[in-house]
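First comes the structure, then the notes that go with it.
Keep in mind it's a predicted model, so treat the numbers as computed, not measured. Letters A, B, ... are given to chains in the order of the sequence lines, protein chains preceding strands, and every chain is numbered from 1. Below, each value reflects all heavy atoms present in this structure, side chains not excepted, and no hydrogens, waters or symmetry copies.
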Amino acid sequence: MNYNPQKIEKKWQRRWEEKNIYSRPFRRKEKKNFYHLVMFPYSSGDLHIGHWYNFAPADVYARFKRMKGFNVISPMGFDAFGLPAENAAIKHRIHPKTWTYKNINRMRKQLKTMGAIYDWSREVITSDPSYYKWTQWMFLQLYKNGLAYRANVPCNFCPSCKTVLANEQVIDNKCERCGTEVEQKKIEQWLFKITDYTDDLLNGLKKLDWPEKTKTMQKNWIGKSEGWTIKFQILNSKFQLEVFTTRIDTLFGCTYLVVAPEHPIFKKLKSKISNIGPIEDYLEKSKKKTDRERISEIGQKTGVQIKGLMALNPVNQEKIPIFVADYVLIHYGKGAIMAVPAHDQRDFDFAKKHNLSIIEVIHPKSIVKSSVKKAPLLVSSELEHSAYDGEGFLINSDRFNGMRSLDARKRIGEWLERQNKAKKDVYYRLRDWLISRQRYWGCPIPMIYCQKCGWVPVPEKELPVVLPRIKNFKPTKEGRSPLANSKTFVNTTCPKCKGPAKRETDTMDTFVCSSWYYLRYIDPRNDKQFASKKKIDDWLPVNMYIGGAEHTVLHLLYSRFFTKALNDLKYINFKEPFLGLYHQGTILGLDGQKMSKSKGNVVSPDLFVQKYGADAVRMYLCFIGPYDRGGPWNPSGILGICRFLDKVYTLVETVKTKSQEETENSQDAKEINKLLNKTIQKVGDDIENFQFNTAISCLMILVNELSKNVRNKYSDIQTLLLLLAPFAPHLTEELWQKMGFSNLKDFKSANSIHNQLWPKYNPKLFKQSKIQLIVQINGKVRDRIEVKSSISKQDAEKLVLSRDIANKWIKNREVKKIIFIPKKLINIVY
RNA sequence: GCCGCGGUGGCGGAACUGGUUUACGCGUACGACUCAAAAUCGUAUAGGAGAAAUCCUGUGUGGGUUCGAGUCCCACCCGCGGCACCA
């Protein structure tokens, strides 16, 4: 290399920091604030190339916005509490706190080599008491407003991590972190009432400038189902069995009911059940099954008929049997379903297995006039093999025959509603957010239990409840938090009655900590409020948020919930935290696998930074492909970027030593000027759209052209450096100063290239006077002619037909048609 | 099974609203410079036929629409991501 990247990078990083060039508001007058945010890293130890892929191109975007005149803040911090820290600490036999802060120091150092515009004075670390004081404060606000509550709920328990997990943290019935099979346990836990916001969370999505895919995934995760709850009378009893369905239009095809094994009907009507022995066997068996076993038995559709009980179908008074089967889940809907085997695959499988009748009530085509009362039970031969769950027209449905299924949903529902046998209902897949963790390394839950007063919140002025440094932080066998062993922590006085009381020993899920960190960055050292109202109004919501797609349903949903709750409590005046969102792709190992320590395919950026410099690594990451795609890390192309940067350096050096001769009017100068203007436009548009790879390729074209030209103007070089500045901040700063563009002896914030504005372009210059007209004969390219761009169809025709090439192909055949696309092509069809 | 995304040279990838397929970069080959090497610069680089001009075939597969399809429509194959007994 012609220059030493390490030397100049260190030099400029030091000077930028000395002069604080990024923490000062830039262009105060403009007053256009732009909050640019990248998802803060987990303090896992080492930064890998995937982190850089998140942060470096994002920094290009932030720098570009800054040069466009926005007052950009781009903060950085660490997500520091949580299970992995603790598991790793246990493995390495050091305290989680020591381990975490050691990692943070290392990661901060690594991050600084990138040369990003992070304002380190805003750094937040979620495990600092000055931060978690406000996490606890948030908990108290939620608690006081009924959004945090305690309940004895069945939860996912990881026997290896010895803690409960949120539904979102269970993947394939395994613990997200350690991969151990989770167990179902009923424990008293703290939950956040995220379900109060289901509709808000759903409706808010519409206005967001987010990837459609992410919105759809959140929508599916919330899983809103609108339908009807229907009451089925149990014969010879006062009991009515309620079921929830989205397909009330299929009710005439309901041939039996099924209840979940946990359904209360067994207690209530035990005396009427004639086969209670086999039923209790079944209930016992399904209780013992893990969720995993239940899932692995999908398709088997086991179940037993509850003999002695029959239900009445409210539409036709048919007597239908009732079954218990564990394919029906207690926690969704009413824990009981109406089975329509013809139009639901699960019911179909069950009916086939247990030999139950199948009646077709929805036919894809309109085949039955409403006057025809009786059709064969099965019209469609396909129903021999599988259920039809689409829309269609009703048959076998008495007076509703011939009606569209969509209409019938409304009509049958309302008809039963008038008889008080059905009511409209909505269910969601989303369940409340379980935040208790029986682990040490987390934010303590600020609650106290008093024998007399019950659960009492810690008074706000006593916050934070400091996490004590204890020696034995390993989880206990019985699944109690390690904090329970610390008597000094546990024993306290009740804030209400001043009697003896005990602290909550569970800690919060780390996702609670990260659900509001973007608010703290704005005012990180404030110890009176989580952030001042004025600063919140100035900066929030976040304009652009960049991070991995793996956070689609966890972090992004929780953050939206926090924002909505804080908005309701009047602490903030916006309802969505992140207006813009972009997911970068995932960088994989060379083996095409996700990078992970256990696979040994983790790549550190450090070696590449040492060898080629941060500018080259930043740019190479931008160049390898579309930002949202990612792919295997293959460093073989990085030399191309190095050569490019070298070329830029050489180019600037040669221009510097040459005197500025008059070149204004030469043809070369005009062409260069045209290219320059085009490049300004293209690079700007591309960065705005996160198309960094094509932005770089047109910068390369520009540099190639400038390098061919012997007499370059200073102003052209100036523009080039400005366009390149977001990508290669160090080299461009070095060359900017070398060229003396700022004309100041001492380096000051104002004369940094990073405090200049993005160059403007003149679109008028793009107009080409001459173009290459493509000549097609029968749709195949046969010729190219240089013509005036304004050439008319007639002239183009004449010109083309006079040429030998055209005549060679057309010969004497009759020309049938001529298509002329101005400034592009002419196609002659014979 | 359902939803979403993708499939273009040896490789990473370009291609606007249907209009020159393969920009830019890597790699490779040859040449220049050099005692030599590296670096650098120059030329070539989808496949096939040909001495050449040139021609034919090519964007996962098969069909269709069109003067013209990587791009639009239908069917299918493969890869990736998400959800998955949610009534």
Write down the distance separating the [atom1] atoms in [N] and [M], rounded off to the nearest Å.
N     : M     : atom1 : value
B:C11 : B:G64 : C1'   : 34 Å
B:C77 : B:A84 : P     : 25 Å
B:U66 : B:A15 : P     : 29 Å
B:G63 : B:G81 : P     : 32 Å
B:A44 : B:G9  : C1'   : 15 Å
B:U59 : B:C72 : C1'   : 16 Å
B:A37 : B:U43 : C1'   : 22 Å
B:A52 : B:G70 : P     : 29 Å

Under a 3.5 Å threshold, yes or no: a donor from one side chain and an acceptor from the other, between [X] and [Y]?
X      : Y      : result
A:N704 : A:K647 : yes
A:R560 : A:Q218 : yes
A:T302 : A:Y282 : yes
A:H331 : A:R431 : yes

Please check the phosphate of [N] (OP1 and OP2 only) for any side-chain N or O of [X] closer than 4.0 Å.
X      : N     : value
A:R782 : B:C67 : no
A:K213 : B:C5  : no
A:R247 : B:A87 : no
A:R629 : B:G81 : no
A:N704 : B:G25 : yes
A:S636 : B:G12 : no
A:N693 : B:A14 : yes
A:K780 : B:U57 : yes

Of the nucleotides [options], which has the atom closest to the [X] side chain?
X      : options             : answer
A:L825 : B:G12, B:G19, B:A87 : B:G19
A:V781 : B:C67, B:U20, B:G27 : B:U20
A:V829 : B:C67, B:G82, B:C16 : B:C67
A:V328 : B:C56, B:G19, B:A87 : B:A87

Using a 4.0 Å heavy-atom cut-off, does [X] contact any base of the nucleic acid, only the sugar-phosphate backbone, or nothing at all?
X      : result
A:I701 : sugar-phosphate
A:I624 : sugar-phosphate
A:K647 : sugar-phosphate
A:P626 : sugar-phosphate
A:N827 : base
A:R784 : base
A:Q772 : base
A:W809 : sugar-phosphate

Separation of atom [atom1] in [X] from atom [atom2] in [N], rounded to whole Å:
X      : N     : atom1 : atom2 : result
A:R429 : B:C2  : CZ    : C1'   : 13 Å
A:I785 : B:U20 : CD1   : C1'   : 13 Å
A:K824 : B:A15 : NZ    : C1'   : 11 Å
A:Q218 : B:G4  : CD    : C1'   : 15 Å
A:F692 : B:A14 : CZ    : C1'   : 17 Å
A:L557 : B:C83 : CG    : P     : 13 Å
A:H583 : B:G4  : NE2   : P     : 17 Å
A:K219 : B:C3  : NZ    : C1'   : 11 Å

Does the separation of the ring centres of A:Y627 and A:Y582 fall below 6.0 angstrom?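 Yes - the distance between ring centres of A:Y627 and A:Y582 falls below the 6.0 Å cut-off.
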Nucleotide by nucleotide, 5' to 3', does protein get under 4.0 Å of the base (B), only the sugar-phosphate (S), or neither (-) in nucleotides 44-49 of chain B, counting heavy atoms? ------
Would the distance check show the side chain of [X] and the main-chain N or O of [Y] forming a donor-acceptor pair, the cut-off being under 3.5 Å?
X      : Y      : result
A:H583 : A:I546 : no
A:R429 : A:W221 : yes
A:Y388 : A:E391 : yes
A:D628 : A:Q584 : no

Between A:K708 and A:H331, which residue's closest nucleotide on RNA chain B lies nearer the 5′ terminus?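 The 5'-side residue here is A:K708.
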Report the residue (A:D347 or A:G637) whose heavy-atom-nearest nucleotide on RNA chain B is the more 5′ of the two.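 Final value for this comparison: A:G637.
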Rounded to the nearest 0.5 Å, what separation is found between the CG atom of A:L720 and the CD atom of A:E705?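 Between A:L720 CG and A:E705 CD, I get 13.0 Å after rounding to 0.5 Å.
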Hey, is the side chain of A:K816 pairing donor to acceptor with the base of B:C67 inside 3.5 Å?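 It does not, because no donor-acceptor pair links the side chain of A:K816 to the base of B:C67 below 3.5 Å.
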Counting only distance, no hydrogens or angles, is the base of B:G19 paired donor-acceptor with the side chain of A:Q776 under 3.5 Å?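 Yes, the side chain and the base share a sub-3.5 Å donor-acceptor pair.
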Watson-Crick or G-U pairs under 3.5 Å in RNA chain B, rendered as dot-bracket with [ ] for crossing pairs and | for another strand: (((((((..(((......[....)))((((((.......))))))((((....))))..(((((..]....))))))))))))....
Table please: side-chain donor-acceptor pairs of residues 631-642 of chain A below 3.5 Å, with sequence neighbours left out.
{"from": "A:N634", "atom 1": "OD1", "to": "A:S636", "atom 2": "N", "distance (Å)": "3.1"}
{"from": "A:N634", "atom 1": "OD1", "to": "A:S636", "atom 2": "OG", "distance (Å)": "3.2"}

Does this structure show an ion pair linking A:D795 with A:K793, if we count only N-O contacts that are shorter than 4.0 Å?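 Not counted as a salt bridge, because no side-chain N and carboxylate O are separated by less than 4.0 Å.
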Check A:K224 with A:D199, please: is the shortest side-chain N to carboxylate O separation under 4.0 Å?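 Here A:D199 pairs with A:K224 in a salt bridge, since their nearest N and O are under 4.0 Å apart.
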Is the glycosidic angle of B:G9 within 90° of 0, making it syn, or outside that range, making it anti?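 This nucleotide is in syn.
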Between A:M338 and A:L251, is a side-chain contact (heavy atoms from CB on, under 4.5 Å) present by the stated rule, with each step listed? CA-CA 8 Å; A:M338 62 176 225; A:L251 189 47; 3.5 Å; yes
